[in-house]
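Structure record follows, encoded as structure tokens.
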Protein chains: 2
Amino acid sequence: MAKVLTSSKSANKPSTVRKIQEALIEEISTGELAPGQHLDENGLAMRFGVSRTPVREALSRLAAQGVLVQKDRRGIFVAEYSLEELGQIFEAMHEIEAACARIVAQRLNLLARSEIEAAQAECLRTAEEGDRKGYLLANEAFHQAIYRATGNPYIAAIASEFRRRTGPFRAKKFESHEDLIASAQSHQVLLNDIFSEDSATASKGMRSHMAESFIQALKMN
Amino acid sequence: MAKVLTSSKSANKPSTVRKIQEALIEEISTGELAPGQHLDENGLAMRFGVSRTPVREALSRLAAQGVLVQKDRRGIFVAEYSLEELGQIFEAMHEIEAACARIVAQRLNLLARSEIEAAQAECLRTAEEGDRKGYLLANEAFHQAIYRATGNPYIAAIASEFRRRTGPFRAKKFESHEDLIASAQSHQVLLNDIFSEDSATASKGMRSHMAESFIQALKMN
DNA sequence: AACTACATTTTTGTATACAATATTTGAAAA
DNA sequence: TTTTCAAATATTGTATACAAAAATGTAGTT
């Protein structure tokens, strides 16, 4: 699942394997490494100037997170999904994100709000300028700001992880200038809902309707 | 995060590291290995009759999933949480489980329903008999049946993972006969909600209220 | 030219080796 | 007796070695 709180530790030097891990995550989420592509342990070892051991450890961890998949005795590959699987992954991601949004709406905190709005301002700016690369970064920051604003690092970690997993598949969606604008505007709708006066009440109402009984029931177990 | 579909592969022999992984998961979720406890690589290697290499790989994976934590240069420990962290973890787990329940309610499928009800029958039986060990198994099966019934292995994997993580902390809650009964009865409330006539409509209504706008907004990104 | 059978080469998974850092032990000083 | 410091020991992280399996290449047959 999810590492949480890897930061916040004092002056943690990135320890070879973490560096490799992050480099690979970066390349996977930008799509530089294509889904289905085989990863060469020896090649990576050479490239990072280390032996296969730490490379394998990094790959193992990413496989445990679902970003990579390991086929028995045949190596490790960038995860690749059928259309059906992809649909399920997006469904799961949307549920998690909706859960995050609900938590944010309930917790409403001014500092977090200004962070989110700053991120959104950057999204609007880059979208208008048609700065695709810039928008990808700003969009990422926007989503991360929402996850952080939940105040719950565990659900935030899950959400981030889904974002990483779906990165290669979302990347190609932002082709045209219009795509960027539309995306940034949909952020705005989201924010209006989260920060509307009656959002907290609405959210509570929504929870109490059906979810609350689920939650009550599940709490016991 | 989450391995998905490790089963369903034809006659996969459990490959040393998977065996170690599952043995450890078992011991952690039963609480046999206490939170905070240090895991001895050499000891485990001896115990499983292998070298440290596959042991370390198994530990790495579990650390990536959050079941274990790795402290730099000091080894690997069973994850241990402060009260605040524990609260956050449970909050996250409840959100995920509620999401699962909502998906099940929407998808309502008769085969899945009979599986869930069979699991619940077993819960009731073992609870009445005061069979604690039996109840723990039946309860687990009940939750897993719900996760499976979502038809979404990805969110199911997340839910399962939280269940594993919280295992050691939930375990001690089922001390008395009354605890078992109460838990089994709360299952019943949950089932009534999921399977009620208007559940699907209610669920859709709930979604459309606020969540739908979130989901719409997020879908674009 | 396409297919099969076998030998060669790579690659994976595991074991062992070793340097760097933590932990423990034990003796000397307060 | 308790504290302090240093040597001894154990453990971690990484490198290398090696057996087993998969991928690749090469003939030989049709």
Side-chain angles (χ1 to χ4, degrees), chain A residues 3 5-7 9-25 27-28 33-34 36-80, chain B residues 3 5-7 9-25 27-28 33-34 36-80:
Chain A
K3 57 171 193 290
L5 284 174
T6 64
S7 54
K9 273 268 164 161
S10 62
N12 243 345
K13 79 149 173 275
S15 90
T16 321
V17 14
R18 185 143 314 173
K19 262 193 302 195
I20 299 173
Q21 223 178 319
E22 284 172 10
L24 291 179
I25 284 182
E27 292 175 20
I28 290 167
L33 288 172
Q37 187 174 334
H38 174 99
L39 294 181
D40 178 26
E41 294 179 3
N42 290 309
L44 291 170
M46 290 264 291
R47 177 178 145 198
F48 288 101
V50 296
S51 80
R52 276 175 56 220
T53 313
V55 170
R56 278 179 64 86
E57 201 165 315
L59 295 178
S60 249
R61 292 179 131 104
L62 293 174
Q65 292 180 204
V67 180
L68 303 178
V69 294
Q70 179 170 39
K71 297 184 185 171
D72 201 57
R73 272 279 175 192
R74 332 195 105 213
I76 293 197
F77 302 78
V78 179
E80 180 181 42
Chain B
K3 55 171 194 291
L5 283 173
T6 65
S7 54
K9 274 268 163 159
S10 62
N12 243 345
K13 79 149 171 274
S15 91
T16 320
V17 15
R18 184 141 315 179
K19 261 193 301 194
I20 299 173
Q21 222 178 319
E22 285 173 9
L24 291 179
I25 284 183
E27 292 175 20
I28 290 167
L33 288 172
Q37 186 174 334
H38 175 97
L39 294 180
D40 178 26
E41 295 178 1
N42 290 308
L44 290 170
M46 291 264 290
R47 177 177 145 200
F48 288 102
V50 297
S51 80
R52 275 175 57 220
T53 313
V55 170
R56 278 179 64 86
E57 200 165 318
L59 295 178
S60 251
R61 291 178 130 103
L62 293 175
Q65 293 180 203
V67 180
L68 302 179
V69 294
Q70 180 169 39
K71 297 183 184 171
D72 202 56
R73 272 277 172 195
R74 334 196 102 212
I76 293 197
F77 303 78
V78 179
E80 180 181 42

**OP:** Quickly work out the B:Asp40 CG to C:dT23 C1' distance and round it to whole Å.
**Re:** 13 Å

**OP:** Take the protein atom CG of B:Leu44 and the nucleotide atom P of D:dT11, then report the distance between them rounded to whole Å.
**Re:** 12 Å

Original post:
Base, sugar-phosphate, or nothing for B:Arg73, non-hydrogen atoms under 4.0 angstrom?
Top reply: base

**OP:** Would you tell me if any nitrogen or oxygen in the side chain of A:Thr16 comes within less than 4.0 Å of OP1 or OP2 on D:dG13?
**Re:** no

**OP:** Check whether any side-chain N or O of A:Gln37 sits under 3.5 Å from a backbone N or O of A:Ala34 as a donor-acceptor pair, and report yes or no.
**Re:** yes

Original post:
If you measure from CD1 on A:Ile25 to CZ on A:Arg18, what distance do you get to the nearest 0.5 Å?
Top reply: 10.0 Å

Original post:
In whole Å, what is the span from the CZ atom of B:Phe77 to the P atom of C:dT23?
Top reply: 8 Å

Subject >> Rounded distance (Å) that lies between atom P of D:dG13 and atom CG of B:Leu39 >> reply: 13 Å

Original post:
Does A:Glu22 use its side chain to pair, donor to acceptor, with the backbone of A:Lys19 at less than 3.5 Å?
Top reply: no

Original post:
Quick one: is B:Gln70 getting a side-chain N or O under 4.0 Å of the D:dG13 phosphate, OP1 or OP2?
Top reply: yes

**OP:** Tell me what B:Glu41 touches on the nucleic acid: a base, only sugar-phosphate, or nothing, going by heavy atoms under 4.0 Å.
**Re:** sugar-phosphate

Original post:
Between B:Lys71 and B:Glu80, is there a salt bridge with N-O shorter than 4.0 Å?
Top reply: no

Original post:
Would one find a side-chain N or O of A:Arg56 under 4.0 angstrom from OP1 or OP2 of C:dG13?
Top reply: yes

Original post:
Which whole-number value in Å describes the distance from A:Glu57 CD to C:dT12 C1'?
Top reply: 17 Å

**OP:** May I have the distance from B:Leu59 (atom CG) to D:dG13 (atom P), rounded to whole angstrom?
**Re:** 10 Å

Original post:
Hey, does the side chain of B:His38 come within less than 4.0 Å of D:dA10's phosphate (OP1/OP2), counting only N and O?
Top reply: no

Original post:
Is there a residue in residues 45-53 of chain A whose heavy atoms reach under 4.0 Å of DNA chain C, and which residues are they?
Top reply: A:Arg52

